Amino acid sequence: MENRTPVNIVSTNRILWGVGTSRTLRALWTLLELDLPFEHQRITSRSGETLTPEYTQLNPSQKIPTLQEGDFILAESAAIVNYLLTTHGAAKNLAPPSEPRLRARYDQWCFFCMMELDANTLYVIRKHDDLHKLYGEAPHALQAARDGFARQANAAAQRLADGRPYVLGENFSGADILFTTCLTGAIRRDIALPETLHEYLKRITARAAYQSAAQRNQVVAPK
Ligand SMILES: N[C@@H](CCC(=O)N[C@@H](CS)C(=O)NCC(=O)O)C(=O)O
């Protein structure tokens, strides 16, 4: 990926809100890939901590993660990943591409992950499986979402079938962060993945920043 002049961020007063979900993992992992200093406010989902007036002021959606950088506040995990990589990724060759077609390919992967894998299938599974008491039993929707994820995972595997190490080719990027966190979510839900994707995951999850982020993203229940 090409080098670009980093945007000059004056404030280093950086806070990441949220822990314990695949969405918070994306933001944490990105911060660690970039070696950026930050304070971690380890609020969890469905604990009431996203519902306080203070947090609602930061994020009216009452969801995690949220990134605070001085007076700049950003929600949506994929937006946080891309913001951090755009502002601080150049030195590590991690800034999203600016050449229009490369950027379009990058966006294709990001939107694919967030829509086809995260919103359209994984979140439907979560709602009607673990959270069925809140969202209702919906066995048909649940099965369709599981099948849908598997179909889209096969499509992604075809795109990686040329043996490329990362989704964009030779360089690790934010799209790999989004893709990996969707695939690990699917494995937790016992969705079978093609071998190409297991090999891909082995490579990506061996990264030091991933390992450290996965550890820091764990929520330990009080004894
Ligand atoms: N599209 C959002 C989804 C964020 C989201 O749904 N977060 C959940 C946890 S995974 C949440 O905070 N739910 C509110 C709550 O549980 O209190 C993103 O990618 O950041």
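All values reported here derive from a predicted model rather than from experimental measurement. Residues: numbered from 1 along the sequence shown.
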TODO: Examine the side chains of Asn154 and Gln158 and answer whether a donor and an acceptor come within less than 3.5 Å of each other.
DONE: no
Task: Salt-bridge contact Asp35-Lys92 (side-chain N to carboxylate O under 4.0 Å) - done: yes
Open item on the list: If you take the centroid of each ring, where Trp contributes its six-membered ring, are Phe72 and Tyr83 closer together than 6.0 Å?
Closed with: yes
- [ ] Identify the residue among His128, Lys127, Arg126 that makes a side chain to side chain donor-acceptor pair (under 3.5 Å) with Asp130.
- [x] Arg126
TODO: Please answer whether the main-chain N or O of Leu117 pairs with a side-chain N or O of Asn120 as donor and acceptor at a distance below 3.5 Å.
DONE: no
Open item on the list: Going by side chain to side chain donor-acceptor pair (under 3.5 Å), name the pairs with one or both residues in residues 210-219, residues two or more places apart or in two chains.
Closed with: Thr24-Asn217
Open item on the list: Taking Asp107 first and then Arg103, would you say they form a salt bridge - that is, a charged N and a carboxylate O separated by under 4.0 Å?
Closed with: yes
- [ ] With sequence neighbours left out, write down each residue that passes ring pair (Phe, Tyr, Trp, His ring centres under 6.0 Å) with Tyr135, or none if nothing qualifies.
- [x] none
TODO: Look at Glu33 together with Arg207 and state whether they make a salt bridge at an N to O cut-off of under 4.0 Å.
DONE: yes
TODO: For the residue pair Arg26 and Ser77, confirm or rule out a side-chain donor-acceptor distance under 3.5 Å.
DONE: yes
Task: Plane angle bin for Tyr55 and Trp17 - parallel if under 30°, tilted between 30 and 60°, otherwise perpendicular - done: tilted
Task: Pair Val124-Leu142, side-chain contact (heavy atoms from CB on, under 4.5 Å): steps then yes or no - done: CA-CA 7 Å; Val124 174; Leu142 187 55; over 6 Å; no
TODO: Following the transitive rule for hydrophobic clusters with a side-chain heavy-atom cut-off under 4.5 Å over Ile, Leu, Val, Met, Phe, Trp and Tyr, establish whether Leu28 and Leu183 coincide in one cluster.
DONE: yes
Task: Check: Glu49/Thr44 side-chain N/O donor and acceptor closer than 3.5 Å - done: yes
Open item on the list: Minimum heavy-atom separation for Ile125 and Ile191, please, with both atom names.
Closed with: CD1-CD1, 3.7 Å
Open item on the list: Quick check on the hydrophobic clustering: are Leu74 and Leu58 connected, directly or via other members, by side-chain heavy-atom contacts under 4.5 Å?
Closed with: no
Open item on the list: Is a donor from one side chain sitting under 3.5 angstrom from an acceptor on the other, for Arg105 and Gln108?
Closed with: yes
